[in-house]
Structures are given as structure tokens and as C-alpha cells.
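The structure under discussion appears below in the form of C-alpha cells.
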There are 2 protein chains.
Amino acid sequence: MKQPYKLATARDVADKAEVSVSTVGRALADDPRISAKTKSRVKEVATQLGYVGNLLARQMRGAKSNLIGLMLPDIRNHFYATIAEALSECCSSNGYQLALSIANDPETEARHVTELISARAAGIVIVPTANPKRETQDLLNNFPHVQLLRRIEAYNSAWFGINDEDCLCEGTKHLLSLGHRRIAYIGGSRELSTGKARWKGFRRAFTEMGIEPDHAIEIFGPPSSTRFGADAMNDLLNRPEPPTALITGTIRVTQAILEILHQRGISAPDDISIVGFGDAPEFKWWGQGLTTLCMPIEDLATTCGLWFLFHLDAEKPTHLQHSSLARATLTIRGSTAPLAG
Amino acid sequence: MKQPYKLATARDVADKAEVSVSTVGRALADDPRISAKTKSRVKEVATQLGYVGNLLARQMRGAKSNLIGLMLPDIRNHFYATIAEALSECCSSNGYQLALSIANDPETEARHVTELISARAAGIVIVPTANPKRETQDLLNNFPHVQLLRRIEAYNSAWFGINDEDCLCEGTKHLLSLGHRRIAYIGGSRELSTGKARWKGFRRAFTEMGIEPDHAIEIFGPPSSTRFGADAMNDLLNRPEPPTALITGTIRVTQAILEILHQRGISAPDDISIVGFGDAPEFKWWGQGLTTLCMPIEDLATTCGLWFLFHLDAEKPTHLQHSSLARATLTIRGSTAPLAG
DNA sequence: TTGAAAGCGCTAACAT
DNA sequence: ATGTTAGCGCTTTCAA
């Protein structure tokens, strides 16, 4: 029985057009040495047979891969969805194809990295997990890649991120200057470069304003988990003395706390002042508008993509210690107000 | 100069371990014919050289591809992000790798489909564009694929979608039974199977309730465009007699109208009753909560993925006329109320 | 228990 | 202007 989905090869085309395989290859590549007549015949037969060249074979012959691996911890996060779209667009308009891998733990990450290398992708754009396996590190350090947002020191590669520390510092100062002292911070694990920087920013705000962080409350947890944010928020609200203000350090946490506040009928800024992290469109119309730390994330991803693809095209090494910082800014809306009393 | 990022081949391992290439292949595949001693030596050398087998070569030898192409019109849409995540998860746990392509027009779609076939992907999961090129159709009909959400009759393949028509019908009936007559529908183009079905559902509600749709207003436009939704909404609101109720037919439109209503300070259900399409988490806390048509989209994607991967693994043809319907339901929240007066 | 050789589909160097 | 051949890295006969 005829096998389903059998694709035609150059050999098939050659046989039917009664020429050699190399003539087929040349004709389809519009090689000037082939006569117009032969060309048209070959092309016709090719179309007729639905011939689509085998990229695998081409790449084995030395052609560059057009596959870019993108490794993200989470795609339902507005942050990462934006990145995926921007990079997809970027790849697409430069002749590359994006392979998306979701990995939230070191094991899955290792597996996917190996697979991408095994498929001889052209390069990898990665938002690394907190503690990548040694194996992953060795692999990546010998493979073209670039880090996005999170930064692992052990990777000898370029990094594109945001000024997390300054940004959290600014947000916290905003709350402090409104008179708040019992301020809670719910953010990602400090094992992450981003989590650490954001926490440092939170702390720095107190230092720079000469205020002791005695009443600050800090809660850390896994990123990309809505569950953690919800639990942390409920915990805070159930305390005898709940915080008068809250600033978050990840998008997922922001989404989670908005949900909880809504569920429990707690409103900002009357009951608590809120500074959210990230700028999902809906943050504008949560309550009276959420005061947020806005990230130019699309820009960052595009910049990163262009830089990376350019270096790949030029066959330049991508393990330079290049780093690029995008500036996040505080957007004040209705969810923050001076401390009452 | 030594080339950067040169990966070791089986040949390199063989030379260093002083065995033949075939022994290397067998040792790494844990072939029982190879002695334990040789095996361990080969493995050690492989690790030492950072050897990662070349998947391209393997596939040329007949190994199955592990690449699944996913073609979506848009990834920032909550709908599609959910699909991407569900499928990525599904692929990942079945040894496949997801390649993401964003294509919103027939030309880009054709290009990406060709590329995926050229890369000899194992199969393609596609949310087709409205009017795919003939070329794309011919290609896909000879390649394992499955349609998601939107359905093109010309594709002789399985389809996984939702009961769009019933769902819009139910939502519209809800508004009609509240006494609304001047009801607007803003939805996707009727050239899309989904757009058409949803519009038919809207109309059917009137028929089944024995009401003439004299005062119904229908606006259609490109899907995946927030801009269109915003323009349509503004247009409606600027009319001398704006509708008393509105039902939307795409997620993007829903997001857009929420934005506009918020901007213009128009509130539901006081000024207008709203039934939104889709169930992004933030819909719960828009105003007094948005009445929505909820889709079990994650479920749908997972079902689709499992079905497809199973058929690919079993090397069964996927061009059966299988179709699977997921049921969407109306969730009533605060944005709809009886017509005043 | 291991090695040598063929071949997957393609392109490029080398004939004719 | 076109055909022949070699080889990309791997697996899988077939031989030893």
C-alpha cells in the first residue's frame, strides 16, 4: 500500500523530468547555467509533484539552520506572551523560525536545551531557570545563545534585561513618600537575578530615604505561579496588622493579588495602597486604575532578537559580555494614596 | 582559527575512544552487543567532548521528526496563549517539540507552512487564516495536520472547535430575555468559519424567540485586531441611538470594548448591557464583573494535541473527517441587566 | 564483540 | 548546458 504523506524528493522530480538530480537542484535555485526551457520543465514537474525541498538534507550539506529556540518559563504570563510574539515577528521577518519551549524547572530545561542543540538550531534565546544544571551550562556555553530578563553569571553570553532594582526602588519610594511604613513586598525567589535585584531595590528605597525597614514585610516565592501570590496575599490580609501598602515583584503575583482583593471585596487605595508590577492592559481598569511599574518589554524582546539574529547572520560569536538594559518606569494611577490618619 | 561553537560528531568520539563510528552509535544507544567496558569508555569520551547527537542526520536515516508546528494568528490573545501553553505541555510530555509560527495573512501562512514541511516536521496544528492560498491547501492536504477552532472545508483533516453558534445564540437570548432589542453584535469576519457560526448564532436567537432583528446592529471585521473593536465601539456609541446591549464575537474585540467603555466612563449595566466573548481572568473584575461566554479552551487544545500526537505516533492518517466540539457556556455576572423603562 | 560499507536527500566540485 | 561523484553525520545491514 502506498504510504500516506510520502513527499516527493529531487530524485522523483529528476526521473519524471528526465534530467539528473543536480539539474533539478540548479533549476529550482535558478542557476544561470540551466537553460530556460529545462528550468520551466523542471519547475512544472516539481509543482506537479508537490515537491518541497528537504531542509534537513540541505542543512547537512552545510546550510545554516533557520530555527531559533525560545525557552520561557511560562507563556500565559502577559510578559512572556509579548516576548514570544515580538521574537516570532522578528524571526519571521529575518527568515528564521521560532521553536517555543516552556520549561519551569532545571530538568525540563536541560532536556529542551539538548533537544534544540540536537536539532542543530541556529541559536537559543533563553529566560533561564533559577539553578540550571551543570550539564545545561556546559552545553549552552558552547552554543550560540542569549539571555533574556534573568541572568545567570555562569553563562558567558549577552544579556538583555530591565533595570529591576531601580524600578522597584522607585515604586517603593512612591509608597514611602505617601507616608506608608508597613509596606509588604511579594516577589520572586531571590535565587533569580531578577528576584534579587527587585528585592534589593525595595530595600534600597528605605535606605535612601533614611527610613528603617522595621515594618517592612517581605515574602518570596516561585515565579510564574499564581497560586503562590494568592496564598501570600491571603496570609498578609489575615494578619492582625495587615500592611497599609503593597508592592509586587512579578506579573503573576500582581494578577493573583488583584484577583484576591476583588474576591475579598478589599479596595485600593481605601483599604490598602497597591503598586503592581508589569503593565498588562487590564491593569488600567482594575478598580480606579492600578499604579504600576511599566516595562518596555516588547522593545526589549525586539532589540534582543535583532541583536541576536544579526550576530548569527554575521557568524559573530554571541558569547560576548554584552548587556543591554531597558528602563522601566512608574505609572501612577488610582491605587495608591497617602496613608490615612 | 578554530571555528566557534563547533560541535563534536560521532567520528570525533570514535577517534578519541579508538573505536569505529558504528561502535559509538551502538554504545550510546545501549546496544547489548557492545561490551560494558567499551560502552563506558565511549560514554565517557562522549561526555568529555560534549557530544550531542545530530538529529538531522538521524532523521535523514528515517527517524521520526519530533517537531510539531503550531500556526496561530496571534499569541498575545489570551485564547491563543492558552492554546500554545497547553500544546507545548502536551508536546513536551510526549517527546515532541513545538515550533510556533504567527501568521495572520495567507501569504505568511503559506511561507510558514512550506517551511515547516521543508523542515520535515512531524505534523502541523493550525488555526487557518480566512482564505488560505491554493498552494497552502495542496501542501497541507498531503501532510499530517489538524485544524483548531477555525475550519476550512477544503482541508480534508480533523477539526477541533467549539460550538460557536449555540454559544452566541445563548448569549443573545440572555439579552433578548432581559428585554433588549437594540442589540449590537461586533464579531470577526464571516469569511471565517468561527465568525460565520457566531453570527448565525446571534441571528438564530432572534428567530427562536420569535423576535424580528429590526433593531439589531451587526459589525464585522478582522479578528485579532484590537483596533477594529475600538473603532466599532466608538462608532456605536456616537450614534444618535446607541444600542442598549452589546455582545461580542472575539476576545480581541472584547478587550477593546472594555478599554473604550472604561476610557469614556460608560458603565455596565447602567448605560449598556454587555456580554463578552471569552474568559480572560480579568473579565471577572471588570466593573461589576463581565457576563461572558466561557470556552474550555485549554481542554480543547489538550484534547486536540493528544489526539494528534497519538495518531502521529501510531502512524495513522490524520486526514480523517474527525471533528470534536467543546461546549462553551454562558456565565452571568454583573454587566447585564433588564432593559430600563 | 566489533568494523566496513551503504545510503537517507541534497549541493558543490569536478567532469564532460 | 548538463551529468557524475563525493560527502554532510548518522544508523543499519552485512562481514569478520
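So that the names make sense, note that chain A is the first sequence line, chain B the second, and so on, each numbered from 1. Keep in mind that the numbers below use all heavy atoms, side chains included, and drop hydrogens, waters and symmetry copies. What you see is a predicted model; the values in this text were computed from it and never measured.
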DNA chain D: B:A8 or A:R41, which has the more 5' nearest nucleotide?
A:R41

I need the CZ-P distance between B:R11 and D:dC8, as an integer number of Å.
10 Å

Under 3.5 Å donor-acceptor, B:Y51 side chain and B:D12 backbone
no

To the nearest Å, give me how far apart CZ (A:R61) and C1' (D:dG7) are.
6 Å

A:H145 ring center near A:F308 ring center (under 6.0 Å):
no

Rounded distance (Å) that lies between atom P of D:dT11 and atom CG of B:N54:
9 Å

For the pair A:S65 (side chain) and A:R120 (backbone), establish whether a donor and an acceptor sit closer than 3.5 Å, ignoring hydrogens and angles.
yes

Look only at the side chain of B:K64 and the backbone of B:D313, and say whether a donor-acceptor pair between them is shorter than 3.5 Å.
no

Criterion salt bridge (charged side-chain N to carboxylate O under 4.0 Å, His left out) on A:D105 and A:R111, from CA distance to verdict
CA-CA 10 Å; A:D105 62 277; A:R111 227 184 63 229; over 6 Å; no

Within the distance-only criterion (no hydrogens, no angle test), does the side chain of A:Q97 pair as donor or acceptor with the backbone N or O of B:L116 below 3.5 angstrom?
no

Given atom CG of B:D12 and atom C1' of D:dC8, what is their separation to the nearest angstrom?
13 Å

Show me the protein contacts with nucleotides 13-16 of chain C, counting only N or O atoms at under 3.5 Å.
unit_1, atom_1, unit_2, atom_2, d
C:dA13, N6, A:R26, NH1, 3.3

Nearest-angstrom distance from the residue atom CG of B:D15 to P of D:dC10
12 Å

Can you identify which nucleotide, out of C:dC10, C:dT2, C:dG3, has its nearest atom closest to the A:Y51 side chain?
C:dC10

Distance in angstrom units between B:R58 CZ and D:dG9 P, rounded
14 Å

Without decimals, in angstroms, what is the distance between A:K64 NZ and C:dC10 C1'?
17 Å

Any donor-acceptor N/O pair, B:Q137 side chain to B:P132 backbone, under 3.5 Å:
yes

Take the protein atom CG of B:L28 and the nucleotide atom C1' of C:dT2, then report the distance between them rounded to whole Å.
15 Å

Given that B:T23 and B:M60 both sit by DNA chain C, which one's nearest nucleotide is further toward the 5' end?
B:T23

